[in-house]
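Note: hydrogens, waters and symmetry copies are ignored here, and every other heavy atom, side chains too, is used.
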Amino acid sequence: MSTTLPPSSSGTATQESRETTDAPDAPTSRETTDTPDVGPETEPGLGAEARTAPWGTDPYANALRNGHGPLFLRRSDGWLLPLEVERWCSDAGSADLSALHRCEGPVLDIGCGPGRLVAELSALGHRALGIDVSEAAVARTRRIGGSALLRSVFDPLPGEGRWGTVLLVDGNIGIGGDPAALLDRAAELLSTGGLLIAETSPLDIDERVQVRLDDGLRTPAEKAAPGPADRPFPWARIGTPALLRYADACGWRPADQWSAEGRAFVSLRRPRPPVRDRSARTSSQSAESANNTPVIRSQLER
C-alpha cells in the first residue's frame, strides 16, 4: 500500500512539491511498441519529502522487514483499521488469484507493497510492474523476483496509455482520499478498453478521512516527539456501490464484480474516451513535452 495526493485541479503542484529534472523515461526501442517496458529497474529517486512520508517511515518499513504487524491506520477519533501485513508478505492466495486470472496484457500494480502480486503475475507469464512510494516495499518486490519502481501513481510512469490492466487492491482504491481523481489517473495509464481491477470494502461505505500509521509500539517519549509517521494523510474506504457510482460519473464501464474469501472486487473498462474534464492536466503535460523537462510531481504532504 502507498499513499499520495493527486495534482491540484489547476494541474500544478505547490513549490515545495515540485522537482524539475530530465525526462525520467526516455523512450527506447522497446518503449515505442504497444507493450510497456518494465525494466531496467532504474528511476529518479523520489524527493526528500516523499522519502520521509508516512509509508516510507519506520513503522511500515519495519513491518515489511518483519513480515508481520501490528500496523494500523488510526483515525483522529482513535478508530483503528488493522493492516494485513502478514497476508501482504505471503504468497498470493486464492482471492488474489481470482483477480490475477482476470488480468489482460501487461499489468501495472499501483501500491504494490512487498510484491506478492507482481511476482505471481510474472510467474503466470504477464509483463508486470509494481510502483510504490516505500523503498522497503520496492526492495522486497525486487528481492522476490518482481519489477518495481519507487514512484507515486501521480508521477510520470513508463508506458502511460499502454497498460492492459491496472490493479488497485489491498485497499489502494483509497490512495489520496479522492477515488474520482484516482480513477481519472488510472484511465490515463490504461490502453483503450483496458481493465481496472479494484478491491473494495465488503461494507457499503463511502468514507474519506485523515489517518496516520500506528504500530501500537511507540513509547510515551516517542509520542511526545512527533515524526513523519505521525503526519496525517487523506485516505478513502469505499464499498462496491460507491465505487460504481464514481466509475459511472467518470465514464467507466462495469465489467465484473465478485467476492472471494470475504474480499470484494470490481473490474471496470477504461472510458472511451474519458468524460471527466482533465483539460488543465492535459495542458500541463503538453507544456512539459514541449520543454522536454517535465515537472515530476513528488508525493505531497499527507
(message) Just so I know, are the side chains of Arg212 and Arg231 near enough to count as touching, which here means a heavy-atom distance under 4.5 Å?
(response) no
(request) Would you give the length of the straight line joining atom CD of Glu84 to atom CG of Leu81, rounded to the nearest 0.5 angstrom? (result) 8.5 Å
(request) Write down the atom of Ala186, the atom of Leu196, and the distance for their closest heavy-atom approach. (result) CB-CD1, 4.4 Å
(request) Rounded to the nearest 0.5 Å, what's the gap from CZ on Arg162 to CG on Leu157? Could you check? (result) 11.5 Å
(message) Could you walk me through whether Trp163 and Ser191 satisfy the side chain to side chain donor-acceptor pair (under 3.5 Å) test, starting with their C-alpha distance in whole Å, then the side-chain angles of each, then the deciding distance to 0.1 Å, before giving a yes or no?
(response) CA-CA 5 Å; Trp163 293 99; Ser191 61; over 6 Å; no
(request) Say whether, by atom type as modelled, one donor and one acceptor occur between the side chain of Arg253 and the main chain of Leu268 under 3.5 angstrom. (result) no
(message) Side-chain heavy atoms nearer than 4.5 Å, only ILVMFWY residues, links allowed to pass through others: does that put Val169 and Val118 together?
(response) no
For residues 103-111, run the donor-acceptor check on the side chains, cut-off 3.5 Å, and write out each pair with its distance to 0.1 Å, sequence neighbours left out.
unit_1: Glu104; atom_1: OE1; unit_2: Arg269; atom_2: NH1; d: 2.9
unit_1: Glu104; atom_1: OE2; unit_2: Arg269; atom_2: NH2; d: 2.8

(message) How close do Ala264 and Thr240 get, counting heavy atoms only, and between which atoms?
(response) CB-OG1, 4.2 Å
(request) Check whether any side-chain heavy atom of Leu124 sits under 4.5 Å from a side-chain heavy atom of Leu100, and report yes or no. (result) yes
(message) Measuring from atom OG of Ser152 to atom CD1 of Ile131, what distance do you get when rounded to the nearest 0.5 angstrom?
(response) 7.0 Å
(message) Can you tell me how far apart CH2 (Trp235) and CZ (Arg208) are? Round to the nearest 0.5 Å.
(response) 14.0 Å
(message) Quick check: closest heavy atoms across Ala242 and Asp206, and the distance to 0.1 Å?
(response) CB-CB, 3.8 Å
(request) Could you walk me through whether Ile197 and Val266 pass the side-chain contact (heavy atoms from CB on, under 4.5 Å) test, one step at a time? (result) CA-CA 6 Å; Ile197 297 178; Val266 174; over 6 Å; no
(message) Could you check whether any side-chain heavy atom of Leu167 comes within less than 4.5 Å of a side-chain heavy atom of Leu121, counting everything from C-beta outward?
(response) yes
(request) Identify the two heavy atoms, one from Arg116 and one from Ile144, that lie closest to each other, and give their separation to 0.1 Å. (result) N-CD1, 4.1 Å
(message) Please say yes or no: joined through hydrophobic side-chain contacts below 4.5 Å, possibly via intermediate residues, are Val85 and Phe72 part of one cluster?
(response) no
(request) Evaluate side-chain contact (heavy atoms from CB on, under 4.5 Å) for Leu195 paired with Leu190, printing each intermediate quantity in order. (result) CA-CA 7 Å; Leu195 193 67; Leu190 283 166; 5.6 Å; no
(message) Ring-plane angle category for Trp88 and Tyr60, please: parallel below 30°, perpendicular beyond 60°, tilted otherwise.
(response) perpendicular
(message) Quick check against the 3.5 Å criterion: does Ser267 have a side-chain atom that pairs as donor or acceptor with the backbone of Asp256?
(response) yes
(request) Run through Leu97, Asp91, Asp96 and flag the one making a side-chain contact (heavy atoms from CB on, under 4.5 Å) with Glu120. (result) Leu97
(request) State whether Trp258 and Arg102 meet the cation-pi test: NZ (Lys) or CZ (Arg) under 6.0 Å from the six-membered ring centroid, and within 45° of the perpendicular axis. (result) yes
(message) Strictly distance-based, threshold 3.5 Å: is any side-chain N or O of Arg142 a donor or acceptor partner for the main-chain N or O of Ser147?
(response) no
(request) Name all residues meeting the salt bridge (Lys or Arg N to Asp or Glu O under 4.0 Å) criterion together with Arg237; count only those two or more places apart in sequence or in a different chain, and write none if there are none. (result) Glu207
(request) Please determine if Arg87 and Asp170 form a salt bridge, counting it only when a charged side-chain N lies under 4.0 Å from a carboxylate O. (result) yes
(request) Identify the heavy atoms of Leu243 and Ala198 that sit nearest to each other, and give their distance. (result) CD2-CB, 3.9 Å
(message) Working to the nearest 0.5 angstrom, can you tell me the gap between Glu160 CD and Arg185 CZ?
(response) 4.0 Å
(message) Distance check, rounded to the nearest 0.5 Å: Cys250 atom SG versus Leu183 atom CG?
(response) 5.0 Å
(message) Under a 3.5 Å distance rule, please check whether Arg151 uses its side chain to pair with a backbone N or O of Pro156 as donor and acceptor.
(response) yes
(request) Please determine if Glu135 and Arg140 form a salt bridge, counting it only when a charged side-chain N lies under 4.0 Å from a carboxylate O. (result) no
(request) Determine whether Gln257 and Leu244 make a side-chain contact, defined as any pair of heavy atoms from C-beta on separated by less than 4.5 Å. (result) yes
(request) Before giving the answer on side-chain contact (heavy atoms from CB on, under 4.5 Å), spell out for Cys89 and Leu64 the whole-Å C-alpha distance, their side-chain angles and the decisive distance to 0.1 Å. (result) CA-CA 7 Å; Cys89 291; Leu64 295 190; 4.1 Å; yes
(message) So does Ala137 get a backbone contact from the side chain of Ser134, meaning a donor-acceptor N/O pair under 3.5 Å?
(response) yes
(request) With the side chain counted from C-beta on, respond yes when Leu168 and Leu182 share a heavy-atom pair under 4.5 Å apart, and no when they do not. (result) yes
(request) Mind listing the closest non-hydrogen atom pair of Thr141 and Gly113 along with its distance? (result) OG1-O, 3.0 Å
(message) Can a side-chain donor-acceptor contact be found between Glu261 and Ser94 if the only test is distance below 3.5 angstrom?
(response) yes
(request) Could you tell me whether the side chain of Leu149 reaches within less than 4.5 Å of the side chain of Leu129, counting heavy atoms only? (result) yes
(request) Using a 4.5 Å cut-off on heavy atoms from C-beta on, say whether the side chain of Arg75 contacts that of Leu73. (result) no
(request) Please check if Val209 and Trp79 belong to a single hydrophobic cluster, counting links between Ile, Leu, Val, Met, Phe, Trp and Tyr side chain heavy atoms closer than 4.5 Å. (result) yes
(message) Closer than 3.5 angstrom, by distance alone: can the side chain of Asn172 be matched with the main-chain N or O of Ile175 as a donor-acceptor pair?
(response) no
